[in-house]
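What follows is a short report on a single structure.
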Amino acid sequence: MTWAETKLADHCDTITKGTTPTSLGFEFSDRGIPFVRVQNLSNGSVVFQNDDLFIDTTTHEALRRSKIYSGDVLLSIAGTIGRCAIVPEGTGELNCNQAVAIIRPKPTIDRRFLMHWISSRAAIDQITQSKVTATISNLSLGQIGQLTIPLPSLDEQKRIAAILDQADDLRRKRKQALDHLNQLGQAIFHEMFGDPLGTPHDTVKWTIENLEKNVDFMDYRGKTPLKSETGIRLITARNVKMGFINLEPQEFVEEDSYDSWMTRGFPKIGDVLFTTEAPLGHVAQLDTEEKVVIGQRLITMKPNRSLIRPIYLEFFLRTPSFRSAMFENSTGSTVVGIKSKLLKKISIAYPAIEEQEKFELAIQQIRSIKPNFEKALERSNNIFYSIQHRGFRGEL
């Protein structure tokens, strides 16, 4: 079935965006009207966390162009392009900054149909081709209005949106299950040990000393490597996430682009990688036997395994008290980082090796089932994208 395509602006009462209050001489408030930013757009809805911003009613009236109401469709148009959410019914008035566009469709468009369409490959392709600049992602209001949307009857829109809602709900549940699994390790750590530098379990016998005492540190000190399409895989700070290493984007360096001393710095499977800047404090174990080399802003930590197990070290570096000490020793206002000489002086508290090995076994069991959760999520994502693609081609 082929549907006529129409400009989005022809079926919207309003397409506008917000403003940063301080640019007009206003200030944020401790309470009042919630102020929406891109990070508040999550999983198709507007979500507020602990870093909420507010404006008072005077500022809200001054920014009346960007008042947000229940049922409005919000789209991120700067920085992160394409996040989309619907303001839930019953939500009080909101406002937003210039990175968020407000789309108020006419009754000819079902809001959930519109949200799913904006998230589709066809819409994203139009959006990415309409960026104002190549260096800073930015989508203008005029370009949003010029997006062409296939528009069946309203009943058909609602039918397709309902199917996509069900498929989307399935993949979100898979994602939530994986998130819970990823959080389980830290919960087990806390159950067994507490917060070793803060509120440790008093039933555990602790050894406390500087990290450098029984952990070797290796950081990158060579010249900027010559990147190539093949060679040694380069692991950068971008690859290290909290608890895992994402090998995308893939980068390689030429075999001979390092001084000979760097051969001692190649991390080995099981070593702990720690980001010292942008972002600070991401930590994960290397889980591949492939020969890799670290880039700048990364440190390889090699613990004395007869005293400190790598898995224990990884999870210790994620505890609240260690991270508090890390930030206390960090420098920089715009880009926050920590120097290795200061990191080495932070204390580590560790129990007997037998207790660490019990924890290690529990984490290994969790990680052994994680691929099954990841495959289930991948399958549900593929199902959703297939239904989405067919839905907007009139094939459902």
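We use all heavy atoms of the structure for the numbers below, so side chains are in, but hydrogens, waters and symmetry mates are not. Residue numbers start at 1 and run along the sequence shown.
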So which heavy atom on [X] is nearest to which on [Y], and how close?
| X | Y | value |
| --- | --- | --- |
| Thr319 | Asp195 | CB-OD1, 3.6 Å |
| Gly281 | Phe274 | CA-CZ, 3.8 Å |
| Lys358 | Met192 | CB-CE, 4.1 Å |
| Ala161 | Asp110 | CB-OD2, 3.7 Å |
| Ile124 | Ser119 | CD1-O, 3.5 Å |
| Cys84 | Met115 | SG-CG, 3.5 Å |

How many angstroms lie between atom [atom1] of [X] and atom [atom2] of [Y], to the nearest 0.5 angstrom?
| X | Y | atom1 | atom2 | result |
| --- | --- | --- | --- | --- |
| Gln39 | Phe48 | CD | CZ | 10.5 Å |
| Thr14 | Tyr69 | OG1 | OH | 9.5 Å |
| Leu361 | Glu357 | CG | CD | 9.5 Å |

Count I, L, V, M, F, W, Y as connected when their side-chain heavy atoms are under 4.5 Å apart, and connections chain through other members. Are [X] and [Y] then in the same cluster?
| X | Y | result |
| --- | --- | --- |
| Met242 | Leu377 | yes |
| Phe54 | Ile33 | no |
| Ile299 | Phe327 | yes |

Among residues at least two apart in sequence or on other chains, which ones pass salt bridge (charged side-chain N to carboxylate O under 4.0 Å, His left out) with Lys158? none
Under the rule for salt bridge (charged side-chain N to carboxylate O under 4.0 Å, His left out), what residues qualify as partners of Asp168, not counting sequence neighbours? Arg171, Arg172
Phe359 and Phe315: aromatic ring centres closer than 6.0 Å? yes
Hey, do the aromatic rings of Tyr350 and Phe316 have their centres closer than 6.0 Å? no
Do any N or O atoms from the side chain of [X] and from the backbone of [Y] form a donor-acceptor pair under 3.5 angstrom?
| X | Y | result |
| --- | --- | --- |
| Ser29 | Gly32 | no |
| Thr16 | Ser66 | no |
| Gln157 | Thr108 | yes |
| Ser386 | Ile383 | no |
| Trp206 | His201 | yes |
| Glu93 | Lys67 | no |
| Ser45 | Leu41 | no |
| Ser120 | Trp117 | yes |
| Thr148 | Thr6 | no |
| Thr275 | Pro279 | yes |

Side-chain donor-acceptor pair present, [X], [Y], cut-off under 3.5 Å:
| X | Y | value |
| --- | --- | --- |
| Lys339 | Asn329 | no |
| Thr20 | Gln98 | yes |
| Asp271 | Thr300 | no |
| Gln388 | His116 | no |
| Gln285 | Arg367 | yes |

Take atom [atom1] of [X] as the centre, draw a 6.0 Å sphere, and report whether it contains more than 12 heavy atoms from other residues, nucleotides or ligands.
| X | atom1 | answer |
| --- | --- | --- |
| Glu5 | CD | yes |
| Gln364 | CD | yes |
| Lys205 | NZ | no |
| Asp30 | CG | no |

Can you tell if the side chain of [X] reaches within under 4.5 Å of the side chain of [Y], non-hydrogen atoms only?
| X | Y | answer |
| --- | --- | --- |
| Phe373 | Leu181 | yes |
| Ile338 | Glu277 | no |
| Val87 | Leu94 | yes |
| Ile86 | Leu114 | no |
| Thr22 | Phe26 | no |
| Lys370 | Asn182 | yes |
| Ile68 | Asn95 | no |
| Glu212 | Lys345 | yes |

Please determine if [X] and [Y] form a salt bridge, counting it only when a charged side-chain N lies under 4.0 Å from a carboxylate O.
| X | Y | value |
| --- | --- | --- |
| Lys375 | Glu378 | no |
| Arg104 | Asp13 | no |
| Glu251 | Arg233 | no |

In sequence, state the C-alpha distance, the side-chain angles, and the governing distance for Ile353 and Ile308, and then conclude on side-chain contact (heavy atoms from CB on, under 4.5 Å). CA-CA 7 Å; Ile353 198 71; Ile308 303 173; over 6 Å; no
Would you call the rings of Tyr312 and Phe189 parallel, tilted or perpendicular, where under 30° means parallel and over 60° means perpendicular? tilted
side-chain contact (heavy atoms from CB on, under 4.5 Å) assessment of Met301 paired with Phe217: CA-CA 5 Å; Met301 296 189 186; Phe217 285 67; 3.7 Å; yes
Residue among Trp3, Tyr385, Phe113 satisfying ring-ring contact (aromatic ring centres under 6.0 Å, His included) with Phe392: Phe113
Would Ile387 and Leu396 count as a side-chain contact (heavy atoms from CB on, under 4.5 Å) here? Give the steps. CA-CA 8 Å; Ile387 294 173; Leu396 283 182; 3.9 Å; yes
Walk me through it: do Gln143 and Ser140 pass the test side chain to side chain donor-acceptor pair (under 3.5 Å)? CA-CA 5 Å; Gln143 288 162 334; Ser140 73; 3.0 Å; yes
Using salt bridge (Lys or Arg N to Asp or Glu O under 4.0 Å), reason through Arg159 and Asp155 one step at a time and then give a plain yes or no. CA-CA 6 Å; Arg159 186 184 72 84; Asp155 286 343; over 6 Å; no
Kindly state each residue pair satisfying salt bridge (Lys or Arg N to Asp or Glu O under 4.0 Å) with at least one member in residues 179-188, sequence neighbours excluded. Lys175-Asp179
